[in-house]
Colleague: 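Before I ask anything, here is the structure I am working with.
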Amino acid sequence: MTFILLFAAGVLGGAINSLAGGGSFVMFPALLFAGVPPVLANASNTYACLPGYVSGTVGYWKHIAPHRDKLIAYAIIGLIGGYLGAETLMRTSDAQFAAIIPWLMAFAVTVYVFGQRINRWIRGRSNGAKHAARAGALGLAALLLAISFYGGFFNAGLGIILLAYLALAGFEDVHAMNGLKLFISALVSVTAVVRFAATGSLAWVEGSVALAGAVAGGFAAAYFSHLVPPKAIRGFVIVYGIGLTVYFFWTTYA
């Protein structure tokens, strides 16, 4: 029964990731409800999301390729930040992590709800952003390192935050931004998963069941995407995410 729950959560999470983003709001709690300890559940959620990032990067490669000059820097920063975030997670006890889950969920849901507005606001005020990016390259690198750290520590909401970062860095092509978002997410997740695996901090069986479901769900959603309004999916994720955040606050602090 537990495996059926995890596979179903993976299918739903993979489909949501494919259509609107936010699949971690389904898969991470499912791993917790399946009895996986908080830290392992978070690490295993990153593992379950990884194939979607990699396949998405491949799918967007023609949009990523024109920005080859930035890929090495993004890769180095993403790998370092992801590793540091994962290392911090490994040094966090289950009790400590359980106490901050509600706050992490609240942050991720807030970013998900207002991410599009934040991106529009940044793009609307990024005239001359390319020049600003050159002048503030160090600041942008530090910001990406912090975002990658967050992704290595807690995966939910990473894509939305990266889109805001790319808008701030002067990107305007939405396809290139989505591709680079997936590229950085894949590298952050790869280094985090390697770190988790090195110390046996992954629930391989439960995570693999969710991963299999996510692959199936992502493929099915891509195939039938024309039948599902993205706004409806986004609305569901927002309502579900808010409800879940309230639940975690209640169970943690009530």
Colleague: Excluding sequence neighbours, so at least two apart, what forms side chain to side chain contact (heavy atoms under 4.5 Å, CB included) with Val215?
Modeller: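 Val215 satisfies side chain to side chain contact (heavy atoms under 4.5 Å, CB included) with Pro51, Leu211 once adjacent residues are dropped.
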
Colleague: Same cluster for Ile16 and Ile161 if Ile/Leu/Val/Met/Phe/Trp/Tyr side chains link at under 4.5 Å?
Modeller: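 Ile16 and Ile161: one cluster.
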
Colleague: Once salt bridge (Lys or Arg N to Asp or Glu O under 4.0 Å) is applied, what residue pairs with a partner in residues 38-61 remain, sequence neighbours excluded?
Modeller: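 Of all non-adjacent pairs touching residues 38-61, none passes salt bridge (Lys or Arg N to Asp or Glu O under 4.0 Å).
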
Colleague: Determine, using the 4.5 Å side-chain heavy-atom cutoff (strictly less than), whether Met177 and Phe114 are members of one ILVMFWY cluster.
Modeller: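 The answer is yes; both residues are in one hydrophobic cluster.
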
Colleague: Taking the side chain as everything from C-beta on, heavy atoms only, tell me whether Asn178 gets closer than 4.5 Å to Leu163.
Modeller: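 When only atoms from C-beta onward are counted, Leu163 and Asn178 do touch, with a gap below 4.5 Å.
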
Colleague: Could you give all pairs that pass the side chain to side chain donor-acceptor pair (under 3.5 Å) test and reach residues 71-89, with sequence neighbours left out?
Modeller: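 For residues 71-89: Tyr83-Glu87, Glu87-Arg91, Glu87-Arg195.
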
Colleague: Might you work through the side chain to side chain contact (heavy atoms under 4.5 Å, CB included) test for Phe97 and Leu104, ending with a clear yes or no?
Modeller: CA-CA 10 Å; Phe97 189 72; Leu104 290 169; 3.8 Å; yes

Colleague: Can you run down the salt bridge (Lys or Arg N to Asp or Glu O under 4.0 Å) pairs that involve residues 55-82, sequence neighbours left out, and say none if there aren't any?
Modeller: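 Pairs touching residues 55-82 that pass the test: none.
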
Colleague: Could you see if Val190 belongs to whatever hydrophobic cluster contains Phe183? Use Ile, Leu, Val, Met, Phe, Trp, Tyr and a side-chain cutoff under 4.5 Å.
Modeller: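 Same hydrophobic cluster.
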
Colleague: Is Val205 isolated, or which residues cluster with it under the ILVMFWY side-chain rule of less than 4.5 Å, directly or via members?
Modeller: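 Direct or chained contacts put Val205 with Phe3, Leu6, Phe7, Val11, Leu31, Val36, Leu40, Val209.
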
Colleague: Does the side chain of Leu180 reach to within under 4.5 Å of the side chain of Leu71, using non-hydrogen atoms?
Modeller: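 Side chain of Leu180 against side chain of Leu71, heavy atoms only: contact under 4.5 Å found.
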
Colleague: Flag yes if Ile238 and Val111 sit in one hydrophobic cluster, no otherwise; membership is Ile, Leu, Val, Met, Phe, Trp, Tyr, and two members link when side-chain heavy atoms are under 4.5 Å apart.
Modeller: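 As far as the 4.5 Å side-chain criterion goes, Val111 and Ile238 are connected within one cluster.
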
Colleague: May I have the list of side-chain donor-acceptor pairs in residues 137-153 shorter than 3.5 Å, sequence neighbours left out?
Modeller:
from   : atom 1 : to     : atom 2 : distance (Å)
Ser148 : OG     : Leu144 : O      : 2.9
Tyr150 : OH     : Ala156 : O      : 2.5

Colleague: If you look only at pairs with a residue in residues 43-58, which of them pass as a salt bridge (Lys or Arg N to Asp or Glu O under 4.0 Å), with sequence neighbours excluded?
Modeller: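 Every pair satisfying salt bridge (Lys or Arg N to Asp or Glu O under 4.0 Å) with a residue in residues 43-58: there are none.
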
Colleague: List in chain and number order the residues that pass side chain to side chain contact (heavy atoms under 4.5 Å, CB included) with Pro102, two or more places apart in sequence or in another chain; answer none if no residue qualifies.
Modeller: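 Pro102 satisfies side chain to side chain contact (heavy atoms under 4.5 Å, CB included) with Phe248, Phe249, Thr252, Tyr253 once adjacent residues are dropped.
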
Colleague: Under 4.5 Å between side-chain heavy atoms, chaining through other members, with only Ile, Leu, Val, Met, Phe, Trp and Tyr counted: pull out the rest of the cluster around Trp250, sorted by chain and number.
Modeller: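 Same cluster as Trp250: nobody, lone residue.
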
Colleague: Going by side chain to side chain donor-acceptor pair (under 3.5 Å), name the pairs with one or both residues in residues 235-246, residues two or more places apart or in two chains.
Modeller: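 Residue pairs with at least one partner in residues 235-246: there are none.
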
Colleague: What residue pairs, at least two apart or across chains, pass salt bridge (Lys or Arg N to Asp or Glu O under 4.0 Å) with a residue in residues 40-56?
Modeller: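 Listed by first then second residue: nothing to list.
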
Colleague: Linking I/L/V/M/F/W/Y whenever any side-chain heavy atoms sit under 4.5 Å apart, do Ile184 and Ile72 land together?
Modeller: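 Yes, it is one cluster - the side chains of Ile184 and Ile72 are joined through contacts under 4.5 Å.
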
Colleague: Which pairs, with at least one residue in residues 33-61 and sequence neighbours excluded, count as a side chain to side chain donor-acceptor pair (under 3.5 Å)?
Modeller: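 Every side chain to side chain donor-acceptor pair (under 3.5 Å) pair that includes a residue of residues 33-61, provided the two are not neighbours, is Ser24-Asn45, Tyr47-Ser208, Tyr53-Asn155.
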
